[in-house]
There are 2 protein chains.
Amino acid sequence: MTTRHTRRDVVEAAGRLFAQKGYHGTSMRDLGRELGLLGSSLYAHISSKEDLLVEVVDRGAAMFQESAERALSTPGSAVDRLRALVAGHVGVVLGHMDEVRTFLNEARALDGGHRARVLAARDRYEQAFRQVLAEGVEEGSFRADLDPKVSAIFVLSILNALDRWYRPGGPLDADGLVDALMEFVMMGIGSGSKE
Amino acid sequence: MTTRHTRRDVVEAAGRLFAQKGYHGTSMRDLGRELGLLGSSLYAHISSKEDLLVEVVDRGAAMFQESAERALSTPGSAVDRLRALVAGHVGVVLGHMDEVRTFLNEARALDGGHRARVLAARDRYEQAFRQVLAEGVEEGSFRADLDPKVSAIFVLSILNALDRWYRPGGPLDADGLVDALMEFVMMGIGSGSKE
DNA sequence: CCTACCGATCGGTAGG
DNA sequence: CCTACCGATCGGTAGG
């Protein structure tokens, strides 16, 4: 029984294709084919291709935002909150890879106003990391000479690259990934023999 | 005196636009406008749009390849070679940002054969990092329980994100950036007070 | 490097 | 959701 599609189906399929081939690399006819209908039929559900991108990207932004809020309200030390941020990020990436990839890579296809909103959302998210890093410095858990701004960027660089290599079902499960990330971020790779 | 353009000019301008708007987001007419001529006139210098992408991407691949080879032949400890890899990477990114961004982000627009070559080039480059990390473990400079494979990915994640945020002329110069990268990678952010 | 095109494909609409 | 389109733009060519 070939059910009819909902607007949600269309947005989801759009996320899949935008993540895979990019916004400009995806035609409305491609998207129709993905759902088993004609490109022109999509306009019964949505009003423009760019609206579709805005919606996918907004979903990605919202997920990271919620994850950060939850992590920031975690009680305990700054290390605990950093772990919560990292675990939350991993959860978002693994659970919604298409929206995440579109959010991270396709914002440049948006017009000025929408693009500015995405950049603002990314800034707020980065701010959460900066805050926790600064707390950890005061607390004594992180190195006193840390630059929270640069360190936040480095941590986020690792997190934002996850979609490029991590595949569920591989040797590393989600918990192992969080552990590996925290270990790397907290201790680095050095043996400490020269300090 | 409006000089005539060379094939190199066209490839360079293509790199600029592909990096900025993506391969599918750049039309041959866009590229012509960038150089002050018509889209159709470009075909006096090149034979197809995809050839242009292949050439830009190959340049990026070659630069990373050369940088890795130079770094691997650096005498001294594995830490010295890691620093050479990082400094070389920073040099490539700062010196050839357009090719780098196109190499990193636009490979998916290539057809199967060309895309496979790019992935192979990235693998070889990652291999250089893995090798140095493994050497450092044996040498005792890096933690004995290190997974060189995962650690190489983490280090490269930070390096490959540089083009997303680093701007020359900012508070951090190239040498300072290399120092910050090495410090983060070697020691992490933890104070070590709990180990 | 321009003029003058070509067929194909694009996002999108009217009407059912 | 399909039929039947629309004008605009796409990558690319012939000929100069």
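It should be emphasised that the depicted structure is a prediction, and the values quoted were computed from it without experimental measurement. Labels below follow one simple rule: chain letters A, B, ... track the order of the sequence lines, proteins then strands, and each chain is numbered from 1.
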Can you figure out which of D:dG11, C:dG11, D:dC1 approaches the side chain of B:Ser27 most closely?
D:dG11
Do B:Arg122's NZ or CZ and the ring of B:Phe103 fall within the cation-pi criteria of under 6.0 Å and 45°?
yes
B:Arg33 CZ to C:dC2 C1': how many Å, rounded?
17 Å
What does the 5'-to-3' dot-bracket notation of DNA chain D look like when only Watson-Crick and G-U wobble pairs under 3.5 Å count, and pairs to other strands show as |?
||||||||||||||||
Going by distance alone, is a donor N or O of one side chain under 3.5 Å from an acceptor N or O of the other, for B:Ser47 and B:Asp51?
yes
Nucleotide C:dG12, atom P - distance to CG of A:Leu31 in whole Å
12 Å
So for atom CZ, which belongs to B:Arg8, do other residues, nucleotides or ligands contribute more than 12 heavy atoms lying within a distance under 6.0 Å?
no
In plain terms, say whether B:Asp98 and B:Arg59 are close enough for a salt bridge, that is, a side-chain N and a carboxylate O under 4.0 Å apart.
no
In whole angstrom, what separates A:Lys49's NZ from D:dA8's P?
19 Å
Interatomic distance, B:Glu99 atom CD to B:Glu106 atom CD [nearest 0.5 angstrom]
13.5 Å
Donor-acceptor pair, side chain of A:Tyr23 and main chain of A:Glu50, under 3.5 angstrom:
yes
Using a strict 4.0 Å threshold on nitrogen-to-oxygen distance, state whether B:Glu183 and A:Arg143 make a salt bridge.
yes
Report the distance from atom CD of A:Glu50 to atom C1' of C:dG11, rounded to the nearest whole Å.
12 Å
Between C1' of C:dG11 and OH of A:Tyr23, the distance in whole Å
9 Å
Does a donor on one side chain and an acceptor on the other come within less than 3.5 Å for B:Gln127 and B:Arg130?
yes
B:Leu53 has an atom CG; how far is it from atom P of D:dC10, in whole Å?
17 Å
Describe, in one word, how the ring planes of B:Phe154 and A:Trp165 are oriented to each other, choosing from parallel (under 30°), tilted (30 to 60°) and perpendicular (over 60°).
perpendicular
Atom-to-atom span, NE2 of A:His24 to C1' of D:dC10 - whole angstrom
13 Å
Just to be sure I understand the geometry, which residues of residues 37-47 of chain A put a non-hydrogen atom under 4.0 Å away from DNA chain C?
A:Ser40, A:Tyr43
From CD of A:Glu34 over to C1' of D:dC1, roughly how many Å is that when rounded to an integer?
18 Å
